[in-house]
Amino acid sequence: MFVCICNGITDKDIQEVVRNEGAGSVRELKKHLAVGKDCGSCVKAAQRIIDNTIIDETLFQNVG
Amino acid sequence: MQSQSIIITSLNTVLTTELTSINQYFLHARMYKNWGFNKLNDQCYKKSIKDMKQADAIIERVLFLEGLPNLQRLGALSIGEKTEEMLQCDTKFQLAQIEQMKQAIVVCEQEKDFVTRQLLVEILDYEEEHLDWLETQEYQIEQMGLEKYLQAQL
């Protein structure tokens with residue numbers, strides 16, 4: 001789904017940056033994507049996606 | 001007519017959701033139209049217009065109670081990328097809205113504002129019906145498979 005309507009950024013875009021670029025916070029995410037640069041109403045949702053992606057990754061590594 | 005500010009506050013939260021709903025369904029409707037899914041477009045377009053009418057009724061009620069309807073505040077839109085995701089986003093939105101409406105109705109009941117309560121119950125009735133429609137679509141996708149479902153929406 002679209003997280004940031006202002007710049008058309010999806011949850012998949014954010015997950016990709018977290019996985020490939022290792023972004024762990026919204027501030028780091030902003031270096032790669034224009035999240036939260038317009039109205040700012042997506043910041044909370046973006047943070048939640050970062051957190052969930054990191055948790056998923058850790059579980060995956062534990063299993064591996 | 002003077003009224004308790006608690007009623008106006010809860011009417012304003014319901015109004016914010018309605019205004020968010022108008023935009024969410026309108027965008028979803030036109031996304032469906034862009035892809036040629038005319039039946040889904042019709043349903044979402046109608047929902048958006050109905051939300052506008054409901055918002056109008058709430059605005060008029062707030063003004064009647066000598067309050068100021070807050071048309072400035074808008075919630076976050078949840079917009080899906082594909083049909084299935086769009087229906088899921090709408091379902092999540094409907095569930096949250098129905099919960100909020102119920103709380104607002106409880107406030108009206110406690111404050112003995114039965115006219116506002118009736119207005120909210122009418123809106124709740126419509127929202128529940130739309131949630132039922134969304135659940136029907138999810139059931140159909142599950143039963144028919146996405147391709148056949150989408151073919152039926154042309």
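FYI, side chains are in, hydrogens and waters are out, and symmetry mates aren't considered; it's all heavy atoms of this structure. Chain A is the first sequence line, chain B the second, and so forth, proteins listed ahead of strands; every chain is numbered from 1.
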| message | Rounded at 0.5 Å granularity, tell me how far CG in B:Leu74 sits from SG in A:Cys39. | response | 9.0 Å
| query | Roughly how far, to the nearest 0.5 Å, is the CE atom of A:Met1 from the NZ atom of B:Lys82? | reply | 14.5 Å
| Who are the salt bridge (charged side-chain N to carboxylate O under 4.0 Å, His left out) partners of B:Glu81, not counting sequence neighbours? | A:Lys12
| Gap separating the CD atom of B:Gln24 from the CD1 atom of A:Ile5, nearest 0.5 angstrom | 8.5 Å
| message | Quick check on the hydrophobic clustering: are B:Tyr25 and B:Ile22 connected, directly or via other members, by side-chain heavy-atom contacts under 4.5 Å? | response | no
| message | Quick check for you: to the nearest 0.5 Å, what is the distance between A:Phe2 atom CZ and B:Met31 atom CE? | response | 5.5 Å
| B:Leu40 reachable from B:Leu146 in the ILVMFWY side-chain graph, under 4.5 Å edges | yes
| request: Flag yes if more than 12 heavy atoms outside B:Tyr139 fall under 6.0 Å of its OH atom; otherwise flag no. | output: no
